[in-house]
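Values in this document were obtained by computation on a predicted structure and should not be read as measured data.
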Amino acid sequence: MKHLLGIRELSAEQITHLLDTAESFRDISKREIKKVPALRGRTVINLFFEASTRTRTSFEIAAKRLSADAINISVSTSSVSKGETLLDTARNLQAMSPDCIVIRHASAGAPYHLTRVCDAAIVNAGDGSHEHPTQALLDALTIREHKNGIAGLKVAIIGDILHSRVARSNVYLLSKLGATVSVAGPGTLVPREFAELIEEGVRVEQSIEAAVADADVVMVLRIQRERQTDAFFPSMREYAVHYGLHANHLDLAAPDAIVMHPGPMNRGIEVSSEIADGGRSLILDQVTNGVAVRMAVLYLLAGSESVEAPPVPPAEEDSESRAAGGVRGRTRHQTRGTRN
(Lines give C-alpha, C1' and ligand atoms only; values in the text may rest on other atoms or scores of the structure.)
Protein backbone atom coordinates (compact mmCIF):
# COMPACT_ATOMS: atom_id res chain seq x y z
CA MET A 1 0.00 0.00 0.00
CA LYS A 2 1.67 3.17 -1.27
CA HIS A 3 -1.07 5.69 -0.38
CA LEU A 4 -4.21 5.89 1.77
CA LEU A 5 -6.75 7.64 -0.43
CA GLY A 6 -9.95 5.97 0.71
CA ILE A 7 -11.50 2.94 2.38
CA ARG A 8 -13.34 1.77 -0.72
CA GLU A 9 -10.08 0.66 -2.38
CA LEU A 10 -8.91 -1.38 0.63
CA SER A 11 -9.54 -5.06 1.24
CA ALA A 12 -10.82 -6.42 4.55
CA GLU A 13 -7.34 -7.86 5.16
CA GLN A 14 -5.66 -4.46 4.65
CA ILE A 15 -8.15 -2.80 6.99
CA THR A 16 -7.57 -5.44 9.66
CA HIS A 17 -3.80 -5.04 9.31
CA LEU A 18 -4.11 -1.28 9.81
CA LEU A 19 -6.27 -1.80 12.92
CA ASP A 20 -3.91 -4.42 14.36
CA THR A 21 -0.96 -2.09 13.82
CA ALA A 22 -2.85 0.76 15.51
CA GLU A 23 -3.47 -1.43 18.55
CA SER A 24 0.27 -2.03 18.87
CA PHE A 25 0.84 1.74 19.00
CA ARG A 26 -1.97 2.57 21.41
CA ASP A 27 0.02 1.91 24.58
CA ILE A 28 2.71 4.41 23.59
CA SER A 29 0.40 7.28 24.49
CA LYS A 30 0.14 5.94 28.04
CA ARG A 31 3.88 6.02 28.70
CA GLU A 32 5.80 8.70 30.53
CA ILE A 33 7.95 9.20 27.41
CA LYS A 34 5.51 9.06 24.50
CA LYS A 35 7.94 8.51 21.66
CA VAL A 36 9.53 5.69 19.63
CA PRO A 37 12.18 6.00 16.89
CA ALA A 38 10.12 4.25 14.19
CA LEU A 39 10.17 7.19 11.72
CA ARG A 40 13.33 8.97 12.81
CA GLY A 41 14.69 10.91 9.83
CA ARG A 42 11.37 10.91 7.95
CA THR A 43 9.44 14.09 7.10
CA VAL A 44 5.64 14.37 7.25
CA ILE A 45 3.89 17.43 5.80
CA ASN A 46 0.34 18.25 6.95
CA LEU A 47 -1.27 20.22 4.11
CA PHE A 48 -4.67 21.45 5.27
CA PHE A 49 -6.94 23.58 3.09
CA GLU A 50 -9.86 23.34 5.53
CA ALA A 51 -10.20 24.12 9.21
CA SER A 52 -9.41 21.20 11.50
CA THR A 53 -8.61 20.63 15.15
CA ARG A 54 -8.74 16.90 15.92
CA THR A 55 -7.47 15.53 12.61
CA ARG A 56 -4.62 17.96 12.09
CA THR A 57 -3.47 17.86 15.70
CA SER A 58 -3.59 14.08 15.92
CA PHE A 59 -1.58 13.68 12.68
CA GLU A 60 1.03 16.07 14.07
CA ILE A 61 1.16 14.26 17.41
CA ALA A 62 1.30 10.89 15.63
CA ALA A 63 4.27 11.97 13.51
CA LYS A 64 6.15 13.37 16.49
CA ARG A 65 5.52 10.29 18.63
CA LEU A 66 7.11 8.26 15.83
CA SER A 67 10.09 10.70 15.89
CA ALA A 68 9.34 12.09 12.42
CA ASP A 69 9.73 15.77 11.53
CA ALA A 70 6.21 17.22 11.22
CA ILE A 71 5.59 20.35 9.11
CA ASN A 72 2.16 22.04 9.18
CA ILE A 73 0.94 24.13 6.24
CA SER A 74 -2.44 25.88 6.20
CA VAL A 75 -3.97 27.56 3.16
CA SER A 76 -3.93 30.98 4.83
CA THR A 77 -0.12 30.90 5.06
CA SER A 78 0.59 29.06 1.78
CA SER A 79 1.20 30.34 -1.74
CA VAL A 80 -2.28 29.12 -2.69
CA SER A 81 -3.58 32.35 -1.15
CA LYS A 82 -1.47 34.15 -3.78
CA GLY A 83 -2.93 32.20 -6.68
CA GLU A 84 -0.72 29.10 -6.84
CA THR A 85 -2.48 25.91 -8.00
CA LEU A 86 -2.71 22.77 -5.89
CA LEU A 87 -0.49 20.82 -8.28
CA ASP A 88 2.16 23.55 -8.29
CA THR A 89 2.11 23.53 -4.50
CA ALA A 90 2.51 19.75 -4.56
CA ARG A 91 5.43 19.95 -7.01
CA ASN A 92 7.21 22.46 -4.78
CA LEU A 93 6.70 20.25 -1.75
CA GLN A 94 7.93 17.24 -3.71
CA ALA A 95 11.13 19.15 -4.49
CA MET A 96 11.82 19.18 -0.73
CA SER A 97 11.72 15.34 -0.60
CA PRO A 98 9.05 14.68 2.06
CA ASP A 99 8.25 11.08 2.89
CA CYS A 100 4.53 11.61 3.46
CA ILE A 101 1.99 14.34 2.68
CA VAL A 102 -1.28 14.42 4.62
CA ILE A 103 -3.87 16.51 2.77
CA ARG A 104 -7.32 17.84 3.61
CA HIS A 105 -9.09 19.66 0.81
CA ALA A 106 -12.58 20.92 0.05
CA SER A 107 -12.56 19.28 -3.40
CA ALA A 108 -13.23 15.57 -3.76
CA GLY A 109 -10.33 13.83 -5.48
CA ALA A 110 -7.62 16.31 -4.47
CA PRO A 111 -5.43 13.59 -2.83
CA TYR A 112 -5.56 11.55 -6.05
CA HIS A 113 -4.15 14.51 -8.00
CA LEU A 114 -1.17 14.70 -5.64
CA THR A 115 -0.23 11.09 -6.42
CA ARG A 116 0.39 12.18 -10.04
CA VAL A 117 3.21 14.56 -9.16
CA CYS A 118 4.55 13.34 -5.80
CA ASP A 119 6.76 10.40 -4.93
CA ALA A 120 5.80 10.83 -1.27
CA ALA A 121 3.06 8.71 0.29
CA ILE A 122 -0.26 10.59 0.20
CA VAL A 123 -2.79 10.33 3.03
CA ASN A 124 -6.33 11.58 2.55
CA ALA A 125 -7.38 13.50 5.67
CA GLY A 126 -10.75 14.35 4.13
CA ASP A 127 -11.59 15.44 0.60
CA GLY A 128 -14.84 17.28 0.13
CA SER A 129 -17.83 15.02 0.70
CA HIS A 130 -15.95 12.01 -0.65
CA GLU A 131 -14.06 10.12 2.08
CA HIS A 132 -12.25 10.45 5.41
CA PRO A 133 -10.46 7.09 5.75
CA THR A 134 -8.59 7.63 9.01
CA GLN A 135 -11.81 8.68 10.76
CA ALA A 136 -13.45 5.41 9.73
CA LEU A 137 -10.38 3.48 10.90
CA LEU A 138 -10.38 5.12 14.33
CA ASP A 139 -14.13 4.52 14.60
CA ALA A 140 -13.57 0.86 13.77
CA LEU A 141 -10.74 0.59 16.31
CA THR A 142 -13.02 2.09 18.97
CA ILE A 143 -15.86 -0.28 18.11
CA ARG A 144 -13.55 -3.30 18.04
CA GLU A 145 -12.08 -2.33 21.41
CA HIS A 146 -15.47 -2.12 23.14
CA LYS A 147 -17.36 -4.82 21.21
CA ASN A 148 -14.53 -7.34 20.73
CA GLY A 149 -15.10 -7.33 16.99
CA ILE A 150 -17.20 -5.82 14.22
CA ALA A 151 -18.69 -8.73 12.27
CA GLY A 152 -22.37 -9.25 13.07
CA LEU A 153 -22.92 -5.87 14.71
CA LYS A 154 -25.73 -3.53 13.74
CA VAL A 155 -24.53 0.05 13.31
CA ALA A 156 -26.89 3.02 12.91
CA ILE A 157 -25.52 6.18 11.27
CA ILE A 158 -27.74 9.20 11.88
CA GLY A 159 -27.68 12.70 10.42
CA ASP A 160 -26.31 14.57 7.41
CA ILE A 161 -25.45 11.64 5.14
CA LEU A 162 -25.39 13.73 1.94
CA HIS A 163 -22.42 15.91 2.90
CA SER A 164 -20.60 13.47 5.19
CA ARG A 165 -17.33 11.90 4.09
CA VAL A 166 -17.29 10.14 7.47
CA ALA A 167 -20.53 8.34 6.59
CA ARG A 168 -19.17 7.09 3.28
CA SER A 169 -15.90 5.80 4.70
CA ASN A 170 -17.69 4.11 7.59
CA VAL A 171 -20.24 2.46 5.28
CA TYR A 172 -17.43 1.00 3.17
CA LEU A 173 -15.36 -0.15 6.15
CA LEU A 174 -18.11 -1.59 8.34
CA SER A 175 -19.67 -3.45 5.42
CA LYS A 176 -16.31 -4.97 4.47
CA LEU A 177 -15.83 -6.21 8.04
CA GLY A 178 -19.26 -7.83 8.26
CA ALA A 179 -21.42 -5.29 10.10
CA THR A 180 -24.97 -4.38 9.10
CA VAL A 181 -25.37 -0.63 8.59
CA SER A 182 -28.58 1.41 8.75
CA VAL A 183 -28.62 5.10 7.86
CA ALA A 184 -31.28 7.70 8.60
CA GLY A 185 -31.74 11.43 8.24
CA PRO A 186 -33.99 13.98 6.63
CA GLY A 187 -35.01 12.88 3.14
CA THR A 188 -33.08 15.80 1.68
CA LEU A 189 -29.88 14.62 3.40
CA VAL A 190 -29.91 10.93 2.41
CA PRO A 191 -28.53 10.67 -1.14
CA ARG A 192 -29.91 8.25 -3.69
CA GLU A 193 -26.65 6.31 -4.01
CA PHE A 194 -27.02 5.03 -0.46
CA ALA A 195 -30.15 3.16 -1.50
CA GLU A 196 -28.04 1.40 -4.14
CA LEU A 197 -25.79 0.02 -1.38
CA ILE A 198 -28.60 -1.92 0.28
CA GLU A 199 -27.49 -5.19 -1.30
CA GLU A 200 -24.12 -4.71 0.44
CA GLY A 201 -25.82 -4.69 3.83
CA VAL A 202 -26.80 -1.03 4.05
CA ARG A 203 -30.40 -0.06 4.83
CA VAL A 204 -31.88 3.40 4.38
CA GLU A 205 -34.48 3.98 7.10
CA GLN A 206 -37.19 6.62 7.08
CA SER A 207 -36.90 7.46 10.78
CA ILE A 208 -34.26 7.59 13.46
CA GLU A 209 -36.29 5.15 15.56
CA ALA A 210 -36.17 2.49 12.83
CA ALA A 211 -32.42 2.89 12.37
CA VAL A 212 -31.59 2.80 16.07
CA ALA A 213 -33.81 -0.22 16.88
CA ASP A 214 -31.59 -3.03 18.29
CA ALA A 215 -28.43 -1.20 17.17
CA ASP A 216 -25.15 -2.11 18.87
CA VAL A 217 -23.51 1.15 17.76
CA VAL A 218 -25.18 4.51 17.18
CA MET A 219 -23.03 6.93 15.21
CA VAL A 220 -24.25 10.53 15.09
CA LEU A 221 -22.99 12.83 12.34
CA ARG A 222 -22.37 16.56 12.42
CA ILE A 223 -24.59 18.81 10.32
CA GLN A 224 -22.18 20.02 7.63
CA ARG A 225 -23.44 23.58 7.50
CA GLU A 226 -20.30 24.83 5.74
CA ARG A 227 -21.07 22.52 2.78
CA GLN A 228 -24.81 23.15 2.59
CA THR A 229 -25.72 25.58 -0.16
CA ASP A 230 -29.49 25.09 0.17
CA ALA A 231 -32.05 24.82 2.97
CA PHE A 232 -32.19 21.05 3.54
CA PHE A 233 -34.50 21.30 6.58
CA PRO A 234 -36.73 24.05 7.98
CA SER A 235 -34.71 24.92 11.08
CA MET A 236 -32.11 23.63 13.50
CA ARG A 237 -34.81 23.35 16.14
CA GLU A 238 -36.93 21.10 13.94
CA TYR A 239 -33.88 18.99 13.10
CA ALA A 240 -33.18 18.53 16.82
CA VAL A 241 -36.75 17.40 17.44
CA HIS A 242 -36.92 14.84 14.61
CA TYR A 243 -33.30 13.72 14.09
CA GLY A 244 -31.39 14.66 17.23
CA LEU A 245 -30.38 11.68 19.39
CA HIS A 246 -32.11 11.67 22.79
CA ALA A 247 -32.29 9.28 25.73
CA ASN A 248 -35.58 7.77 24.59
CA HIS A 249 -33.93 6.65 21.34
CA LEU A 250 -31.32 4.63 23.19
CA ASP A 251 -34.12 2.72 24.89
CA LEU A 252 -34.77 1.20 21.45
CA ALA A 253 -31.13 0.19 20.92
CA ALA A 254 -29.34 -2.84 22.34
CA PRO A 255 -28.88 -2.66 26.14
CA ASP A 256 -25.10 -2.27 25.75
CA ALA A 257 -25.23 0.06 22.74
CA ILE A 258 -22.45 2.62 22.43
CA VAL A 259 -22.69 6.17 21.03
CA MET A 260 -20.11 7.80 18.76
CA HIS A 261 -19.65 11.17 17.06
CA PRO A 262 -16.75 12.30 14.82
CA GLY A 263 -16.91 15.85 16.20
CA PRO A 264 -17.22 18.69 16.56
CA MET A 265 -20.67 18.33 18.11
CA ASN A 266 -23.61 20.69 17.90
CA ARG A 267 -24.85 19.97 21.41
CA GLY A 268 -28.59 19.91 21.80
CA ILE A 269 -29.04 19.65 18.02
CA GLU A 270 -27.46 16.39 16.83
CA VAL A 271 -27.13 14.81 20.26
CA SER A 272 -28.26 15.77 23.74
CA SER A 273 -25.68 16.63 26.38
CA GLU A 274 -27.12 13.86 28.54
CA ILE A 275 -25.98 11.29 25.97
CA ALA A 276 -22.77 13.03 24.87
CA ASP A 277 -21.49 13.11 28.46
CA GLY A 278 -23.06 9.82 29.54
CA GLY A 279 -21.57 6.41 30.19
CA ARG A 280 -22.37 5.08 26.73
CA SER A 281 -20.55 7.86 24.92
CA LEU A 282 -17.16 6.96 23.40
CA ILE A 283 -16.53 10.33 21.78
CA LEU A 284 -13.30 10.99 23.68
CA ASP A 285 -12.17 7.39 23.15
CA GLN A 286 -12.43 8.11 19.43
CA VAL A 287 -10.08 11.07 19.82
CA THR A 288 -7.58 8.94 21.75
CA ASN A 289 -7.69 6.16 19.17
CA GLY A 290 -7.24 8.72 16.40
CA VAL A 291 -3.61 9.21 17.41
CA ALA A 292 -2.91 5.46 17.38
CA VAL A 293 -4.57 4.98 13.98
CA ARG A 294 -2.67 7.86 12.42
CA MET A 295 0.57 6.55 13.90
CA ALA A 296 -0.16 3.22 12.22
CA VAL A 297 -0.95 4.85 8.88
CA LEU A 298 2.20 6.98 8.89
CA TYR A 299 4.33 4.04 9.98
CA LEU A 300 3.01 1.68 7.31
CA LEU A 301 3.29 4.27 4.52
CA ALA A 302 6.46 6.15 5.45
CA GLY A 303 8.29 3.51 7.46
CA SER A 304 10.84 0.98 6.33
CA GLU A 305 9.31 -1.74 4.15
CA SER A 306 11.82 -4.22 5.54
CA VAL A 307 10.31 -3.96 9.01
CA GLU A 308 7.30 -6.22 9.42
CA ALA A 309 6.19 -5.11 12.90
CA PRO A 310 6.35 -1.66 14.49
CA PRO A 311 9.43 -1.28 16.70
CA VAL A 312 7.76 -0.57 20.03
CA PRO A 313 10.38 -1.08 22.75
CA PRO A 314 9.21 -1.62 26.33
CA ALA A 315 9.30 1.33 28.68
CA GLU A 316 12.36 -0.12 30.45
CA GLU A 317 14.39 0.13 27.26
CA ASP A 318 13.35 3.75 26.83
CA SER A 319 14.81 4.52 30.24
CA GLU A 320 18.07 2.74 29.39
CA SER A 321 18.29 4.60 26.08
CA ARG A 322 17.83 7.92 27.83
CA ALA A 323 20.55 7.01 30.30
CA ALA A 324 22.90 6.21 27.40
CA GLY A 325 22.29 9.44 25.55
CA GLY A 326 25.75 9.57 24.05
CA VAL A 327 25.42 6.12 22.50
CA ARG A 328 22.04 7.00 21.02
CA GLY A 329 23.48 10.17 19.53
CA ARG A 330 26.36 8.25 17.84
CA THR A 331 23.95 5.68 16.48
CA ARG A 332 21.74 8.35 14.98
CA HIS A 333 24.74 10.01 13.33
CA GLN A 334 25.98 6.70 11.91
CA THR A 335 22.52 5.90 10.55
CA ARG A 336 22.30 9.21 8.71
CA GLY A 337 25.72 8.59 7.22
CA THR A 338 24.73 5.14 6.01
CA ARG A 339 21.53 6.43 4.36
CA ASN A 340 23.44 9.18 2.57
Legend entry - Side-chain (N124) to main-chain (L4) donor-acceptor, under 3.5 angstrom: no
Legend entry - Rounded distance [0.5 Å steps], CD1 in I45 versus SG in C100: 9.5 Å
Inset, instruction - Give a yes or no on whether a salt bridge exists between E205 and K154, defined as a side-chain N under 4.0 angstrom from a carboxylate O. - result: no
Inset, instruction - Indicate yes or no for a side-chain donor-acceptor contact from R294 to the backbone of A62 under 3.5 Å, with no hydrogens or angles considered. - result: no
Legend entry - Atom pair OG1/CG of T142 and N289 - distance to nearest 0.5 Å: 4.0 Å
Legend entry - Main-chain N/O of V36 paired with S67 side-chain donor or acceptor, under 3.5 Å: yes
Inset, instruction - Please state whether the rings of Y299 and F25 are parallel, tilted or perpendicular, taking 30° and 60° as the class boundaries. - result: perpendicular
Legend entry - Heavy atoms of other groups near E274 CD, more than 12 under 6.0 Å: no
Inset, instruction - Scan side-chain atoms only and decide if T89 and E84 contain a donor-acceptor pair under the 3.5 Å cut-off. - result: yes
Inset, instruction - Would you confirm whether H3, through its side chain, and I122, through its main-chain N or O, come within 3.5 Å as a donor-acceptor pair? - result: yes
Legend entry - Criterion side chain to side chain contact (heavy atoms under 4.5 Å, CB included) on M1 and L10, from CA distance to verdict: CA-CA 9 Å; M1 187 172 66; L10 300 182; 3.6 Å; yes
Legend entry - Test: E60 and R56 ion pair at under 4.0 Å: no
Inset, instruction - Say whether, by atom type as modelled, one donor and one acceptor occur between the side chain of E270 and the main chain of M265 under 3.5 angstrom. - result: no
Inset, instruction - Give a yes or no answer on whether the side chain of H163 reaches the backbone of L189 with a donor-acceptor pair at less than 3.5 Å. - result: no
Legend entry - Atom pair CG (L300) and OG1 (T21), whose distance is rounded to the nearest 0.5 Å: 4.5 Å
Legend entry - Check: L162 main-chain N/O paired with R168 side-chain donor or acceptor under 3.5 Å: yes
Legend entry - Approximate separation, where rounding is to 0.5 Å, of I158 CD1 and H249 NE2: 8.5 Å
Inset, instruction - Check salt bridge (charged side-chain N to carboxylate O under 4.0 Å, His left out) between R267 and all other residues, then give those that pass, not counting sequence neighbours. - result: D277
Inset, instruction - State the CZ-CZ distance between R65 and R31, to the nearest 0.5 angstrom. - result: 11.0 Å
Inset, instruction - State whether the side chain of S169 and the backbone N or O of V166 hold a donor-acceptor pair below 3.5 Å, judged by distance alone. - result: no
Legend entry - Any donor-acceptor pair under 3.5 Å from D127 side chain to E131 backbone: yes
Inset, instruction - Measure from NZ or CZ of R104 to the centre of the six-membered ring of F48 and say whether it is under 6.0 Å with the direction within 45° of the ring axis. - result: no
Inset, instruction - Please say whether more than 12 non-hydrogen atoms of neighbouring residues, nucleotides or ligands are located less than 6.0 Å from CD in E209. - result: yes
Legend entry - Residue of the set D20, L18, L19 for which side chain to side chain contact (heavy atoms under 4.5 Å, CB included) holds with T16: D20
